[in-house]
S.K.: 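Okay, handing you the structure first.
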2 protein chains.
Amino acid sequence: MDEETRDMFKERALIMKALAHPTRLFIVDRLGRRETCVCELVSMIGADMSTVSKHLSILKSAGIVEDEKRGLRVFYRLRWPCVLRFFDCIEGVLSAAAKERLKRYAK
Amino acid sequence: MDEETRDMFKERALIMKALAHPTRLFIVDRLGRRETCVCELVSMIGADMSTVSKHLSILKSAGIVEDEKRGLRVFYRLRWPCVLRFFDCIEGVLSAAAKERLKRYAK
DNA sequence: CTGCTGCTTGGCTATATTGCCAAATATATT
DNA sequence: AATATATTTGGCAATATAGCCAAGCAGCAG
């Protein structure tokens, strides 16, 4: 594998890493419905606001979300709704895993 | 967010985490073309075989790939080709990021 | 049985990620 | 100007991840 190819996969991995956390997946799912301010996300997630803010900044620097300040609040929006389609595929993987667990217990 | 929802996103994140590494994305890309033995992946990746094997076991326990032993070799296959479609979306995000970098330099 | 090949596992260190608190910043209100 | 609110940033300790080496295991050849 040459260096260019390596770099390409490293960049792709940065995007995937940004999505590879339960809280950030939740945020993406939420922002897929409508833009939301940090305060509202915090109350839904139940973590420290600083924690949520850092998750948002990870998503933002990956280019997945964008923000807009209006008054005191900062609203976040999903820039790439295509990431929502990941969920469908993932549900397939998960339901297959669940089926296999059932099979194993049946034995 | 209730515990059930939290667990759902935690499970989804496990799948995403399995994909959030350059080497594992490379493997998925490769397996999307044809099943491949560990030895061949090792020679393409250029890391220690034990390292590649561990990456494969992460993908396997996430349910993304499956393996089959034939003789001395173990062949890995992609179980969920839908993950390949992630790449298209990711390329969109990346090319937008590249465009923004260009804009910034032009200023 | 012995040795070889392909692969996996255990163990270890180096590095990265997470989440909280405290402090800093920005905008609105009084 | 002082205060309150919404958010971000710095710093730190706890935890998780990565990759190498060495050791173990399974299948085949002699």
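Side chains included, hydrogens not; waters and symmetry mates left out as well; all remaining heavy atoms used. Worth saying up front: this structure is predicted, and the values here are computed from it rather than measured. Letters go in sequence order (proteins before strands), and every chain restarts at 1.
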S.K.: Expressed as a whole number of angstroms, how long is the span from I27(A):CD1 to dG19(C):P?
M.R.: 10 Å
S.K.: Roughly how many Å is it from CG in L19(A) to P in dT17(C), rounded to a whole number?
M.R.: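 Atom CG in L19(A) sits about 14 Å away from atom P in dT17(C).
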S.K.: So if I define the base as every atom that isn't primed, P, OP1 or OP2, how would nucleotides 21-30 of chain C read as a B/S/- string at a heavy-atom cutoff under 4.0 Å?
M.R.: BB---BBS--
S.K.: Between H55(A) and dT17(C), does any side-chain N or O lie under 4.0 Å from OP1 or OP2?
M.R.: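 So the side chain of H55(A) is outside the cut-off, no N or O lying under 4.0 Å from OP1 or OP2 of dT17(C).
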S.K.: Going through the distances and angles, do L56(B) and L41(B) end up as a side-chain contact (heavy atoms from CB on, under 4.5 Å)?
M.R.: CA-CA 10 Å; L56(B) 285 164; L41(B) 290 169; 4.1 Å; yes
S.K.: Looking at every heavy atom in both C89(B) and F86(A), which two are closest together, and how far apart are they?
M.R.: CB-CE1, 3.9 Å
S.K.: Is R24(A) reaching over with its side chain to a backbone N or O of K17(A), donor-acceptor style, under 3.5 angstrom?
M.R.: yes
S.K.: On DNA chain C, does the nearest nucleotide to S53(B) precede the nearest nucleotide to T23(A) from the 5' side, or the other way round? Give the residue.
M.R.: S53(B)
S.K.: Rounded to whole angstrom units, what separation is found between the CG atom of L59(A) and the C1' atom of dT7(D)?
M.R.: 16 Å
S.K.: Any ion pair linking R12(B) and E91(A) (charged N to carboxylate O, less than 4.0 Å)?
M.R.: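 A salt bridge links E91(A) with R12(B).
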S.K.: Using whole Å, report how far CZ of F75(B) lies from P of dA26(D).
M.R.: 20 Å
S.K.: Check the distance between dA18(D)'s P and L56(B)'s CG and give it to me in whole angstrom.
M.R.: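 Interatomic distance, CG of L56(B) to P of dA18(D): 13 Å.
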S.K.: Could you check whether any side-chain N or O of S61(B) sits under 3.5 Å from a backbone N or O of S57(B), counting only pairs where one atom can act as donor and the other as acceptor?
M.R.: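 Indeed, once roles are kept as given, a pair shorter than 3.5 Å links the two residues.
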S.K.: Which residue lies toward the 5' end of DNA chain C, A47(A) or K17(A), if each is placed at its nearest nucleotide?
M.R.: K17(A)
S.K.: Over 60° means perpendicular and under 30° means parallel, so classify the ring planes of H21(A) and H55(A), tilted if in between.
M.R.: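 Tilted, since the angle between the ring planes falls between 30° and 60°.
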S.K.: Nearest whole angstrom, please: distance from the C1' of dG19(C) to the NE2 of H21(A).
M.R.: 9 Å
S.K.: What nucleotide among dG6(C), dT8(D), dA18(D) has an atom nearest to a side-chain atom of R24(B)?
M.R.: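 That would be dA18(D).
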S.K.: Could you tell me whether the side chain of R77(B) and the main chain of E66(B) form a donor-acceptor pair under 3.5 Å?
M.R.: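 No, the answer is negative, given that no donor and acceptor are paired below the 3.5 Å cut-off.
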S.K.: Output the rounded distance in Å from CE (M49(B)) to C1' (dT9(C)).
M.R.: 14 Å
S.K.: Please report the distance, rounded to the nearest Å, between CZ in F9(A) and P in dA18(D).
M.R.: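 One finds 17 Å between P of dA18(D) and CZ of F9(A), rounded.
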S.K.: Can you tell me if the side-chain N/O atoms of Y76(A) get under 4.0 Å from OP1 or OP2 in dA6(D)?
M.R.: no
